Amino acid sequence: MSETVSKPAGSVKAWLTSDTPGSRLQARAINLWFAWSDLVRNPLAVVGLVIITLLILMAVFAPLIASDPPNQQNLADRLMAPGAGGHLLGTDELGRDIWSRIVYGSRVTLQVVALVALTAPVFGLVVGTVAGTIGGWTDRVLMRITDIFLAFPRLILALAFVAALGPGIVNAIFAIALTAWPPYARVARAETLSVRRADYIAAARLQGAGTLRIITGHIMPMCLSSVIIRVTLDMAGIILTAAGLGFLGLGAQPPLAEWGAMISTGRQYLLSHWWVATMPGLAILIVSLGFNLLGDSLRDVLDPRGAQK
Amino acid sequence: MSEAQHMTGGKIAVSDLSVTFVQGRRRIRAVKGVSFSVKPLESFGLVGESGSGKSTVLRAICGLAPVSGGDIRIDGGAIQQPRDKAFARRVQMVFQDPYGSLHPRHTIDRVLSEPLSIHRFADREERIVQALKDVGLDARFRFRLPHQLSGGQRQRVAIARALIVEPEILLLDEPTSALDASIQAEVLNLLNRLREERSLTVIMVSHDLAVIDHMCERLLVMRGGEAVEALDRSSLADRKVSSDYTRALLTASEGYVR
Amino acid sequence: MSPASSEAPLLDVKNLRVRFETTRGVTEAVRGVSFTVGRERIGIVGESGSGKSMTGRAILRLVRPPGIATADRLAFQGTDLMALSERRMRAMRGRRMSMVMQDPKYSLNPVMRIGRQLIEALKVHERISSKEAQRRALDMLADVQIRDPERVLAAYPHELSGGMGQRVMIAMMLIPRPDLLIADEPTSALDVTVQLEVLRILDDLVKDRGMGLIFISHDLRLVSTFCDRVLVMYLGRIVEEIEASRLDEAKHPYTRGLLECLPEIGAPRTPLKVLKRDAAWA
């Protein structure tokens, strides 16, 4: 029985470690497999991955994990200590179960993270590679715009955007994305400048490749790993900015369960009922740590300078 | 066409070519008034040491270096500026460093299929298989990444990439200087065979006089951006050279003399 | 032939091995190499991956982790190098044996003037006044045929040409008057005409001072014309040891293959002989 199970597993492994891939698909799978096995060899990366996986599971299965609906008030049970009355992490000032609110809040956090990660780096990557490849005036104009965005402290700029657009989680995400792209543009441009004069770019030009093909097919793949690393490391900052906006009342609006907003309301009870603000704070801490650990290890795996040997 | 060729005297005619790089306030004259012409199907060598401008001449022909004077003609016609796709179909180049001239994240398959898709070839699959076979690479290398190949194998890929669009002119920039001697012999033999089979006109750049002698019918010795001396094979073999510099290169190619 | 051959050798290497243990398996770069060096010019030739550079590094105990060097015997003038402490080995490396690397750019400190680097190197080894050190530095640069030593002393490494930089490196390595100099591709980054000048300097110094020289190179033609004796390495082993003057009589097919695959000026235009590698050589 065990033999029949191990056999296909063995051949999948052989397929993934073959040094003579037979198709484009296999070649790609092998590269992913090697990056993956490098990544999981690092214990810190595994910790980061586990934290992020748990966060995702939590968000997906929130109704199953949470003990109560997140917005169910019970004024009789308000401000109960952790463990009391079946409330794992206690209740807040309206008697809502904090554990359940944290569980549902992970959905908001994940939404922020996913939307920002999909927009800001892509925009930054495009701006940076175009500026770096074309150079000249294009470069100057694009980079000065980037500089203008970089010159403001991120939270202040996000605050200004939200103030202009009106408070709300969607506008908060939009504001964070708007303030998050310039560093990616910088990273992508620096990477572009270092590969722009490489022989393989000259070779592509001699093949007759146009500028668009060179940027998307040759330069972007070289910038991608730096940007991905940067995104993962920035995730903690993005979560904190979202929480900060929530804390200031400019992000998620009540009664939506959002970790930053939860801390904000818990602040009033900080001295008498510490858990109300501390529990969502711990959630932010753990998730930020998870992204940072993963980002650090991704750097070891993806960094082209390390991978070249 | 043939008339134009007669008038300008060759497949490729470079006359009074100058290349000047501008770096801030500094102007570096890398090539100073170099002229030569290459007959159809001929193999022509440019020899010199570092800073002689030999590679810059090749790069100027492909539009990778700024021409500041003189002109370059192919089949008697001036070249489009900037170089277009039609130019890429006619002129291809193999670079010196096989480690730097292949994209580190593209598989060999991608390296070879890209020029085919740029120039809209239909039978890509067969052409890739054939191209690998032509340069003596086993089909199992097809989906590997460059870092999984040796220097000699990479250079074969670079040659296959250059020849896959069926150019008439092949420019070789020190194609074997980064390779071991035994691998160099294999690559030189391959280049000679392909040159014959594909009816190529070749310009080859090298610092190694013996390699140029093995590959080319005529050659030009360069130093400090200037042409020193034009020679053909037989005068090189008889050591009939007029400049001291060429003589020094000849001596150096024989090793150390006590 | 030379007087040195009758005395105890300068360097005695027996069964030298260098292993690399990584997560993707163990590789052996040097697999049991034995040879002796007297006060002579000995060449180690091989292609990339032959282990020639690693052999040079292992002699000076400069193999970096994860590499591990072992030897049955690694004796320099009777001293067992494998048994020395790292501190005594450092003294040995500075004073008695030296190494010149391929590219001077990576061996000189880029933010320090040449003069200061030379003088500091001198002062480490001898107790002399700064003035005396200055004078000695000038002398040394003159020794390596540098025509304007004052200018070179005041220059930073990046202001020197490749040939000039390599001469400075050689001068620096010769300060402590070592008995053995290991030169790893010392001229490969140089133009051919400059290459010969640098070799001439090295040759004269070896002759005048009676040093031993291990010359590591991929260029069989150069080594055979420059050295007294040649060791040919292939995949971590010495496949042939031969007097340089008798290289034409080399027996091993690998050595022969290396000789025959080089193009020669004036030779008929036939395909070059291609080296056929035999699994039995490894």
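What you see is a predicted model; the values in this text were computed from it and never measured. Reminder, nothing fancy here: chain letters follow the sequence lines and each chain counts from 1.
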- Item | CZ (B:F21) with more than 12 external heavy atoms under 6.0 Å | yes
- Task: Kindly indicate whether the side chain of B:S18, heavy atoms from C-beta on, has any atom under 4.5 Å from the side chain of B:V31.
- Result: no
- Query: So which pairs with a foot in residues 208-238 of chain A pass ring pair (Phe, Tyr, Trp, His ring centres under 6.0 Å), sequence neighbours left out?
  - Reply: A:H218-B:H103, A:H218-B:H106
- Note on the structure: In terms of heavy-atom pairs under 4.5 Å with chain A, the winner among B:E114, B:M93, B:H119 is B:E114
- The single option from B:R198, B:R89, B:R90, B:R195 that satisfies salt bridge (Lys or Arg N to Asp or Glu O under 4.0 Å) with B:E168 is B:R90
- Query: If you measure only the distance, is there a donor-acceptor pair under 3.5 Å linking the side chains of B:S177 and B:D208?
  - Reply: no
- Task: For chain A, find which of B:Q92, B:K85, B:Q148 contributes the most heavy-atom pairs closer than 4.5 angstrom.
- Result: B:Q92
- Message: Let's test your reading of the structure: which of A:A203, A:A198, A:P221, A:A27 forms the most heavy-atom pairs below 4.5 Å with chain B?
- Response: A:A203
- Task: Walk me through it: do B:R144 and B:D109 pass the test salt bridge (Lys or Arg N to Asp or Glu O under 4.0 Å)?
- Result: CA-CA 8 Å; B:R144 287 198 188 176; B:D109 176 67; over 6 Å; no
- May I ask you to list the residues in residues 204-216 of chain A that approach chain B closer than 4.5 angstrom, counting heavy atoms only, ordered by number? A:L206, A:Q207, A:G208, A:A209, A:R213
- Note on the structure: Contacts of B:R161 meeting salt bridge (Lys or Arg N to Asp or Glu O under 4.0 Å) (sequence neighbours excluded), chain-then-number -> none
- Item | Qualifying residues under salt bridge (Lys or Arg N to Asp or Glu O under 4.0 Å), relative to B:R59, sequence neighbours excluded | A:D199
- List the steps and the verdict of salt bridge (Lys or Arg N to Asp or Glu O under 4.0 Å) for B:R73 and B:D75. CA-CA 6 Å; B:R73 283 169 182 274; B:D75 285 336; over 6 Å; no
- Heavy-atom proximity to chain A below 4.5 Å, by part of B:L145: side chain
- Task: Please state whether the side chain, the backbone, both or neither of B:R83 comes within less than 4.5 Å of a heavy atom of chain A.
- Result: neither
- Message: Please classify the contact between B:L102 and chain A as side chain, backbone, both or neither, with a heavy-atom cut-off of under 4.5 Å.
- Response: backbone
